[in-house]
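Chain identifiers are assigned alphabetically (A, B, ...) following the order of the sequence lines, protein sequences preceding nucleic acid strands; residue numbering begins at 1 within each chain. The basis for the numbers below is simple: all heavy atoms, side chains too, and nothing from hydrogens, waters or symmetry mates.
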There are 2 protein chains.
Amino acid sequence: MTAAGKHQVGRAHGRRLGRAGIRDVAAAAGVSITTVSDALNGKGRLPDATRRHVREVADRLGYRPSAAARTLRTGKSGLIGLTVTTYGEEPFTFTEFAYFAEMARAASSAALARGYALVILPGSTRQSPYDVWSNVALDGTVVIDPSDRDPVVTELVRQGIPVVSDGRPCGDLPVTAWVDNDHEAAVTGLLDHLAAAGARRIGLLTGTSTDTYTRLSTKAYLRWCERAGQDPVYEAYPAHDPCAGAVAADRLLARPDRPDAVYGLFDPNGTDLLAAARRYGLRVPDDLLLVCCSESAVYAGTEPPITTLSLKPGRIGTTVVQLLIDAIEGTGGGRPVQRIMPTDLIVRTSSQRRRARTTVSAPRSPEDRGRS
Amino acid sequence: MTAAGKHQVGRAHGRRLGRAGIRDVAAAAGVSITTVSDALNGKGRLPDATRRHVREVADRLGYRPSAAARTLRTGKSGLIGLTVTTYGEEPFTFTEFAYFAEMARAASSAALARGYALVILPGSTRQSPYDVWSNVALDGTVVIDPSDRDPVVTELVRQGIPVVSDGRPCGDLPVTAWVDNDHEAAVTGLLDHLAAAGARRIGLLTGTSTDTYTRLSTKAYLRWCERAGQDPVYEAYPAHDPCAGAVAADRLLARPDRPDAVYGLFDPNGTDLLAAARRYGLRVPDDLLLVCCSESAVYAGTEPPITTLSLKPGRIGTTVVQLLIDAIEGTGGGRPVQRIMPTDLIVRTSSQRRRARTTVSAPRSPEDRGRS
DNA sequence: GTGAAAGCGCTAACAG
DNA sequence: CTGTTAGCGCTTTCAC
């Protein structure tokens, strides 16, 4: 009775006018709060009549359960973090805007479909426990391109929160799962495509950073060159610098051993290379074949349209979220904790030397059908 | 003592190995939990020594405060909802992808800068109190283009949660604040621009829906025609249907009173109109001047580049979030609860009749730099 | 200056 | 089948 009494007092005193609580519903429906909880959550074994009645009363009072209380009690928030590497305070890397936008859209969609919502979080933590990261209760987190020994990931894992990464983690970062493209296969296939179109010396525009995407792609290029008996011809630049790309493209085409085909690893490289080609009076695709890795629709409309390698960020986003939610809910079952996703070469005029039809759609591998 | 005893038991029993709680820190530091809380939050009047000591111990134990508990206690979650109108389960309308992506990026950035995080939520609620919307504790919400009597907004407002909308609300939707472009001024300015370039009869590609953007823009067009003494020439189509735009564009150029300039209200209209012009053998800009409203970089690269009206979604996103957080924190002060934002006409070849240089890059306002 | 106690609103044991 | 009770982990009066 004492405890009950205290509750009563608490209610009477703390009664907020704005929102009805579970107790108000219980009182109005003439049942206990447990019954209300069970009726609304579809738990317990209540007669349908009670359930209906409670629901009706709750509805009438405009009752909304407190998400905070439920989260505290159950330990589940229904929230998934999405971190995006940040340059200069802005989420999303500018040069890869289209990739992130599409990936995030798909991820959000997939999360929502399973009853979770995505929270956009910055790529870094202030060490202080009082930044955004520790102010939100996360059931799990998606990390895009985690760096070697990423402090955010490390901390998350230490807290026992599942982390799934887009892009295979560098080093021994202990993520729960990861999803990535088969960058070697993608680059190899694309170089074969260029060779088939008549390229004799293929150049590469690559980055100076050590992330896995850059590393694996470059390695694949070098390996391909070795196999093909071609001397590698490449320029590397800091990919996060928007101007450096143009300079590097120029340098690449100014070389004495000028390539007759180029693959650019980063989104703006298509534009960069096109501009450089123009400066040197090189016609695309006649004098120079061009491909770049990009999700941007821009390259369908350039003159000429440029062949792009799509990493299919939408699929990656969806998969990453599925894996994460499986881990959260323990639905994972088996242990295929890493997933390799196909890429898509969208062949356009810039990489077809002979009588290039201006095709918009790409040759697709059979695996592609229906997957999106 | 009984209560304390109970706590002890609770601890001893419920002690989870993964995470240290505030009690663990208190015990380890030899102080009370109040002191820990105060020390960590910078509240109370503790000697610096105590404060430092507690922080150190907390750090050593890897203590992280529980966001859920704090939210429950304080009633503030630091979370801001972002709703995006949805067609077919996908967040973001495809035809306005670039707008939403940029708006969301800016909004997220602005929120993070003030210590809040953005949660992406669907445009609709299941009436049931157990969907994503009621599973997350929101301090406020940003709504993009709320429809007349939007149920989500209505419910949110009923709960006393601040709502700021991007786009002025239709009807008497009681949002806390809104931000919008001056659509009349934008359309008028753009039509003047076309007239100055030599247009004699300007057509409009518009939508059939009743949202304010469509309505205001169309009205501005009609008014301009009246003032200019020109008969309106327009086609309306359901803007959410990706194919209907192409058909409407075709219809517009097939009319006996064919316009010599066209403004398309929606993002894909530039492409639609360009294709239609080609079918009828009309050269752009010589026979037909073209402008469309879009945030997409595609139109800088088309042949010819197309003049676009940018609504500056980035600025809108930033402003919306500022207003919302002001409302949440009661920092608002005055009552300028609605804000009109400028638009930006990016003039390219398609709207310049005389001696149009085939520039690849567009004249850009200084603010544009770095936009990808 | 510091600590004890009272809950925030809910769910899950467990007792009837 | 339904109700009572004990907290989830934190912040916050209010005593000391």
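Protein atom OH of A:Tyr63 is 10 Å distant from nucleotide atom P of C:dG9, rounded to whole Å. Atom-to-atom, CG of A:Asn41 to P of C:dA13 comes out at 14 Å; the value is rounded to the nearest Å. If you measure from atom CZ of A:Arg64 to atom P of C:dC10, you get 12 Å, rounded to the nearest angstrom. Taking atom NZ of A:Lys76 as the reference point, atom C1' of C:dT11 lies 15 Å away to the nearest angstrom. Taking atom NZ of residue B:Lys43 and atom C1' of nucleotide C:dT2, one finds them 17 Å apart after rounding to whole Å. The interatomic distance linking A:Asn135 (CG) with D:dG9 (P) rounds to 17 Å, in whole Å. Computed from coordinates, the A:Arg70 CZ to D:dG9 C1' distance equals 18 Å when rounded to whole Å. Atom CG of A:Asp38 and atom P of D:dT4 are 14 Å apart (whole Å).
Among the heavy atoms of the strands lying under 4.0 Å from B:Thr35 are primed sugar atoms or P, OP1, OP2 only; no base atom is included. Within the nucleic acid shown, A:Leu72 comes within 4.0 Å of at least one base atom, counting heavy atoms only. Residue A:Thr71 is classed as having no contact, given no heavy-atom separation below 4.0 Å to the nucleic acid.
A donor-acceptor pair is defined here as one N or O able to donate and one able to accept, closer than 3.5 Å; such a pair exists between the side chain of A:Thr176 and the backbone of A:Val163. Judged by distance alone, with hydrogens and angles left aside, the side-chain atoms of B:Thr318 form a donor-acceptor pair with the main-chain N or O of B:Gly314 at under 3.5 Å. Panel note: side chain B:Ser165, backbone B:Pro146; no donor-acceptor pair is recorded below 3.5 Å.
With hydrogens and angles ignored, a donor-acceptor pair closer than 3.5 Å exists between the side chain of B:Thr34 and the base of C:dA4. Between the side chain of B:Ser37 and the base of D:dT12, no donor-acceptor pair under 3.5 Å is found.
Closest approach to the A:Ser32 side chain among D:dC10, D:dG3, C:dA12 is made by D:dG3 (side chain taken as heavy atoms from C-beta onward). When distances run from any side-chain atom of A:Pro47 to the nucleotides C:dG3, D:dT2, C:dC10, the shortest one goes to D:dT2. For B:Arg73, whose side chain is taken as the heavy atoms from C-beta onward, the closest listed nucleotide among D:dG3, C:dG9, C:dC8 is C:dC8.
No more than 12 heavy-atom neighbours from other residues, nucleotides or ligands sit within 6.0 angstrom of CD on B:Glu56.
In the helix from C:dG1-D:dC16 to C:dG16-D:dC1, the end axes, each obtained as the rotation axis mapping the C1' atoms of four pairs onto the next four within a five-pair block, lie 40° apart to the nearest 10 degrees.
With sequence neighbours left out, B:Lys76 forms a side-chain hydrogen bond (donor to acceptor under 3.5 Å, both in side chains) with B:Tyr116.
Between A:Leu112 and A:Ser108, some side-chain heavy-atom pair lies under the 4.5 Å cut-off.
Remark on DNA chain C: of its neighbouring residues B:Thr50 and B:Ala69, the 5'-side contact belongs to B:Thr50, judged by nearest-heavy-atom nucleotide. Heavy-atom nearest nucleotides on DNA chain C were determined for A:Ile33 and for B:Gly30, and the one closer to the 5' end corresponds to B:Gly30.
No hydrogens or angles considered: a donor-acceptor pair under 3.5 Å links the side chains of A:Ser32 and A:Thr35.
Salt-bridge formation is detected for the pair B:Asp172/B:Arg149: a Lys NZ or Arg NE/NH1/NH2 atom is positioned less than 4.0 Å from an Asp or Glu carboxylate oxygen.
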